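Read the structure below first, then the notes.
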Protein chains: 2
Amino acid sequence: MMHKTISLADQIFERLESDILTGVYPIGSVLTELSLSEDLGVSRTPIREAVRRLEQEHLVEPSSKGVVVLSITPHDAMIIYDIRIQVEGLAARACAENITDEQLAEMKELLELQEFYIKKADSEKIKNTDSQFHQMIYQFAGSPVYYDTLAPLHNKTQKFRKASVARSGKAVNSHEEHHDIYKAIAARDPDAAELAMKRHVEEAKKRLAELAEI
Amino acid sequence: MMHKTISLADQIFERLESDILTGVYPIGSVLTELSLSEDLGVSRTPIREAVRRLEQEHLVEPSSKGVVVLSITPHDAMIIYDIRIQVEGLAARACAENITDEQLAEMKELLELQEFYIKKADSEKIKNTDSQFHQMIYQFAGSPVYYDTLAPLHNKTQKFRKASVARSGKAVNSHEEHHDIYKAIAARDPDAAELAMKRHVEEAKKRLAELAEI
DNA sequence: GCGAGTATAATTGTATGCATATATCCATGA
DNA sequence: TCATGGATATATGCATACAATTATACTCGC
């Protein structure tokens, strides 16, 4: 019952993370290992593992009794964008310096796929390719440090944005900005890549600020 | 068996993290839960928890048999400093904008303590106060996001530096730079605080680069 | 009626056992 | 000799049992 499948702990983490960021477990509610274990029908062991990861990401906080749900505030979201502006700028620069031809081709392919989904107006898939594009940048930047630092931040803003979009009904489109970044990286121009990426994340921040009326 | 003290899992994580970053477990070596469990004299449960955290921080990587030690390369360390330059700059700025009088007093006290240890040439304590100073900045910046992002990065450079210092015999002293940062924060001057912090982390990067002969 | 002290319940920390998957090694046959 | 197949060893994933701590409720004495 082990390898091919994703571990229960991973599945449970994904589920709990989603449920917290989308409000299924409201901020302030208390979760205990035992109650989660009963709710999800598994033993405490994989639950513990998932909850520890939630703790590390500050989505929950230990309290005298179980853990209490924290999620993130709009203010936190804005700060995450400020950090992302700087660090993704560095990552894009590193990417322009280090990317291989194969990786570049992969990136181009993803952008074409995104274009396809934009024409079909499949917003779920658009958002997916969007995230994948950023994760590619993190991965192609030449050090796992970029991914480790940026992936959790990106993840949080994505889910926060998702909740805001659901409330407002608006959607966003940043395909052109992605293409600018790609072009700079393809040209192996670090300055241009950094600039394009910083501009892109800044725009994303502004869009969310409007959306969430911060 | 659940004393007031820190949990076994936490202790083991700290120890393994240190041992990896200082080379006790060389890069490429393989660790299994069972062998660690026997070496450290505890059951697999807390070991598992610690190893999962190491995986999340990319200090080890799962393999067919146990996990293999990754640690960080000098190149990674330099990248971490580049990220810290930017993000700690933001944190220092936020700190100057948000810090309370009590927090400011606490910070001043810490710097006086550090001065005391410097006169006594107690390098272990100096390093401790050093780390505490940075962590205070993260905590007083007004959002847990700063701490979550910066603490792991700071931790890694500290331990990496420790290994380098052990090899070279040199030590470093950055008290004056800390004091500059404090003065800017005390004056509630965000621009000056950001600048002082950036300069400080840049200097730390240069010192490590010399030390590690990168 | 109320406070103190104690019993009880609830919760997490740790150990252990079992199931399962994978690697390794050895034997056997062409 | 080499490939193949199976037995064995080793590893992790999950469940469960137990220990210990902390919160809560309750009782008893005043």
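Computed from heavy atoms alone, side chains included, the values below leave out hydrogens, waters and symmetry copies. We name chains A, B, ... by the order of the sequence lines, and we start the count at 1 in each one. Every value quoted in this text rests on a predicted model; they were computed, and no experiment measured them.
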(message) Under the criterion salt bridge (Lys or Arg N to Asp or Glu O under 4.0 Å), I'd like the reasoning laid out for Lys108(A) against Asp101(A): C-alpha separation, chi angles, the key distance, then a yes or no.
(response) CA-CA 10 Å; Lys108(A) 188 178 180 186; Asp101(A) 291 340; over 6 Å; no
(message) Measure CG/Leu34(B) against P/dT22(C) and give the value in whole Å, please.
(response) 19 Å
(message) Among residues 43-59 of chain B, which ones have heavy-atom contacts with DNA chain D below 4.0 Å?
(response) Arg44(B), Arg48(B), Arg52(B)
(request) Indicate, with yes or no, if the rings of His200(B) and His179(B) have centres closer together than 6.0 Å. (result) no
(request) Scan Ile137(A), Leu110(A), Asp130(A), Thr129(A) and name whichever one has a side-chain contact (heavy atoms from CB on, under 4.5 Å) with His178(A). (result) Asp130(A)
(request) Find the distance Glu33(B):CD to dG17(C):P and express it as a whole number of Å. (result) 16 Å
(message) With ring pair (Phe, Tyr, Trp, His ring centres under 6.0 Å) as the rule and sequence neighbours excluded, what pairs involving residues 80-123 of chain B come up?
(response) none
(message) Strictly by salt bridge (Lys or Arg N to Asp or Glu O under 4.0 Å), give each pair with a member in residues 54-66 of chain B just once, sequence neighbours left out.
(response) Arg52(B)-Glu55(B)
(request) Output, in order, the C-alpha distance, side-chain angles, deciding distance and verdict of side chain to side chain donor-acceptor pair (under 3.5 Å) for Glu17(A) and Asn155(A). (result) CA-CA 10 Å; Glu17(A) 186 193 34; Asn155(A) 202 15; 2.8 Å; yes
(request) Mind calculating the distance between CG (Leu36(B)) and P (dT10(D)) to the nearest angstrom? (result) 16 Å
(message) How many whole angstroms separate atom CD of Glu38(A) from atom P of dT16(D)?
(response) 12 Å
(request) Check whether any side-chain nitrogen or oxygen of Lys65(A) sits under 4.0 Å from OP1 or OP2 of dA23(D), and answer yes or no. (result) no
